2 protein chains.
Amino acid sequence: MVDHRPTMNDVARTAGVSLKTVSRVVNGETTVAPDLAARVHAAVESLDYRPHLGASMLRRNDRRTRTIGVLLDDVSHPFSAAVHRAVEDQARARGIHVLTGSLDHDPVRERALAAAFAERQTDGLILAPSGADLDPHTMPVVYVDRVPTGAPGDTVISTNISGAAGAVRHLIAHGHHRIGFLGGDRRLSTARERYTGYQRALGRRAGPAVHDLHDPTAACAAAVAMLRGPDAPTALFTTQSTVTIGAVRALRRLDRQHAVALAGFDDFPLADLLDPPVTVVAQDPSRIGETAALALFERIDGYAGEPREIRIPTTLIPRGSGEL
Amino acid sequence: MVDHRPTMNDVARTAGVSLKTVSRVVNGETTVAPDLAARVHAAVESLDYRPHLGASMLRRNDRRTRTIGVLLDDVSHPFSAAVHRAVEDQARARGIHVLTGSLDHDPVRERALAAAFAERQTDGLILAPSGADLDPHTMPVVYVDRVPTGAPGDTVISTNISGAAGAVRHLIAHGHHRIGFLGGDRRLSTARERYTGYQRALGRRAGPAVHDLHDPTAACAAAVAMLRGPDAPTALFTTQSTVTIGAVRALRRLDRQHAVALAGFDDFPLADLLDPPVTVVAQDPSRIGETAALALFERIDGYAGEPREIRIPTTLIPRGSGEL
DNA sequence: GTGAAAGCGCTAACAC
DNA sequence: GTGTTAGCGCTTTCAC
């Protein structure tokens, strides 16, 4: 009997074999006599022995922790949460575990968490880059949702330009000429790319634009101001779900929800139950997470090709608000 | 120069001091002469040395990894995601990191992930128990959202009975006598407790009830059947947001959304933008996560009192659907 | 097939 | 103040 957490040594003593034999059995090596293996298994059982992954990885040749880090904007935001879940599912399929962190677009936190994960010897990192220049990373990294600045690497990201252009063309096809733009943080490549798509679809007829909106409240205020202004647009294009929801609230407040068309980038739960149901360009966060995880595992397994940029297609979902 | 990841030994050699001096500097001990400390810092800088947390924790007396595990139903579900985020915020404040996993109500996965986290020497675990009997855990555990069976421990959970009873009394106060019940998985304590609250408010006048609904589709079908049945209820009470959303869809499909009242347990995004806006009993997932994290840290720090059951209050939010 | 000895990167205990 | 030695729990190497 031992009073501390049992070690391999305790198991060896109980089973009456050498430490190394226990190691062989625990690691599933087949070169152990059946009777010895049985005694080891019995001892493991009776002592409730659990291997110490940290100690094993310290000595092991491959030095893998079978743990990856996932750093996203905010694990409670639907988009990040869906990416997280998809990564987790792919990781589970390979017996890999996931350390998480929310960055809230803070480059300082990004650096601190990436460093902390490195000290924990994670095998790799999936990262939604904050927008500031990145330190070079000491482990394989795959970026999601945004193009990183200053540190090239595999990047998995939506077809922002064509998706945004498609939504705006959809509004144009329904007779709109003056289409207002409500966008997010221009320091991030997503907001910039979606604005490019908007401009590309409209050419020189691009309407009023407000940028750098972060939350529904600010977006609502901006939309109200735009709709009350001179040359008010007859349709709105929004670049992220928080802004879209703010625009929905603005249209309600002005009671113009059936008069002004709306198309938003990024789908959100219950968009189809609103009145009118909201037309969106849906991203595929699950596929983004899954693809990023698979790319990361390839890198961890030694793939050393050039950085890849993988674009995940978006889908226009006409629901009503964009067809007014 | 070294070609592998630099170790303390490399730093010591570069700085011309002993290994132990480097250890002291890296760990912030103040008993080092300033000039030696400066040389060590310079060497750390130039080699880009990063301490190896696994090795340090192996030898250290306190044997803390400063990592906890968080096992929830589904990290992409809004409730779980909000709990996760709140736990993460409390953990960050203490320099602790978070390993996550989604259980999908699967006891097998719960056991496997808890065991894997134990091998990784997490300092503690926050767990939404799957409902099956739990193995005794080898580390401090705090349960969230549900009362565990077979393994007592600190539990942080909403005031399910009084919250549900309050919502049903609210419907009664608005003139409803026949109130239908649509509930979730009865193997879980949450669903049972909310049904108890429903019964308590109605006494022997309890109306038709359907249990074990898992998703909006099933809930929608059950609601349609109930509203088309004999003695159709004039109001519905639902016990979780997935079921509430199913009921909303059912009322829409029958075009009865302004005729049949609805109150749901658990708030959800955009509930206030639906028509009519949905009256709910809001839980406080952030506070649940925060409270659970603090309780876990107390346990990790050695608190050994009796298991505690901490109830987090719910709030009735009348928005329209419950006041018809 | 099995075991003894060495050592992964680091910290504890104790000397100087 | 600083360095030396031992050893955390495990896997490697290499002898038997």
Side-chain angles (χ1 to χ4, degrees), chain A residues 2-41 43-44 47-66 116 118-123 138, chain B residues 2-41 43-44 47-66 116 118-123 138:
Chain A
V2 287
D3 67 336
H4 57 288
R5 209 162 182 273
T7 72
M8 264 191 184
N9 242 315
D10 300 319
V11 175
R13 212 173 306 118
T14 307
V17 298
S18 82
L19 173 64
K20 179 60 210 176
T21 299
V22 178
S23 170
R24 279 194 255 262
V25 172
V26 167
N27 289 297
E29 294 176 35
T30 50
T31 59
V32 180
D35 56 326
L36 286 195
R39 265 155 58 198
V40 170
H41 280 126
V44 163
L47 296 177
D48 191 30
Y49 166 76
R50 304 211 152 281
H52 187 304
L53 215 82
S56 111
M57 102 81 142
L58 193 56
R59 195 65 181 84
R60 210 177 251 298
N61 274 341
D62 71 0
R63 300 191 136 247
R64 295 282 167 77
T65 54
R66 305 197 69 73
E119 291 188 7
R120 268 152 236 257
Q121 325 297 127
T122 55
D123 299 333
T138 56
Chain B
V2 287
D3 67 337
H4 57 289
R5 211 162 181 271
T7 71
M8 265 192 185
N9 242 314
D10 300 319
V11 177
R13 212 173 307 120
T14 307
V17 298
S18 82
L19 172 63
K20 180 62 208 176
T21 299
V22 179
S23 171
R24 280 193 255 263
V25 173
V26 167
N27 289 297
E29 293 177 35
T30 50
T31 59
V32 180
D35 57 324
L36 285 195
R39 265 155 57 197
V40 170
H41 280 126
V44 163
L47 296 177
D48 191 31
Y49 166 77
R50 306 211 152 280
H52 188 303
L53 214 82
S56 114
M57 103 83 144
L58 193 57
R59 195 63 182 84
R60 219 174 240 299
N61 273 342
D62 71 1
R63 299 190 137 252
R64 295 282 168 77
T65 54
R66 305 197 70 73
E119 291 187 8
R120 268 153 235 257
Q121 324 299 124
T122 55
D123 299 334
T138 55

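Lettering of chains follows the sequences in order, A, B, ..., and the numbering in each one begins at 1. Remember, it's a predicted structure, so these values are computed and weren't measured experimentally.
The side chain to side chain contact (heavy atoms under 4.5 Å, CB included) check on B:Arg39 picks up B:Ala15, B:Val17, B:Leu36, with sequence neighbours excluded. Shown here are the side-chain hydrogen bond (donor to acceptor under 3.5 Å, both in side chains) partners of A:Ser18, two or more places apart in sequence or in another chain: A:Thr21. Under the side chain to side chain contact (heavy atoms under 4.5 Å, CB included) criterion, B:Ser56 pairs with B:Arg60, not counting sequence neighbours. Residues satisfying the side chain to side chain contact (heavy atoms under 4.5 Å, CB included) criterion with B:Leu53, sequence neighbours excluded, are A:Glu119, A:Arg120.
No side-chain heavy atom of A:Glu29 sits less than 4.5 Å from a side-chain heavy atom of A:Val25. A heavy-atom distance below 4.5 Å is not found between the side chains of A:Met57 and A:Arg64. Residues B:Arg24 and B:Val40 have side chains not in contact (no heavy-atom distance under 4.5 Å, counting atoms from C-beta outward).
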How does protein contact run along nucleotides 9-16 of chain D, one letter per nucleotide 5' to 3', with B for base contact, S for sugar-phosphate only, - for none, heavy atoms under 4.0 Å?
BBBB----
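Put simply, the side chain of B:Asp10 gets close to the backbone of B:Thr7: a donor and an acceptor are under 3.5 Å apart.
The phosphate of D:dG1 (OP1 or OP2) has no side-chain N or O of B:Thr21 nearer than 4.0 angstrom.
In this structure, the CD atom of A:Gln121 is 12 Å from the C1' atom of C:dC10, given to the nearest Å.
Across its full length, the helix from C:dG1-D:dC16 to C:dC16-D:dG1 shows an angle of 40° between the axes of its 5 terminal pairs at either end, rounded to 10 degrees.
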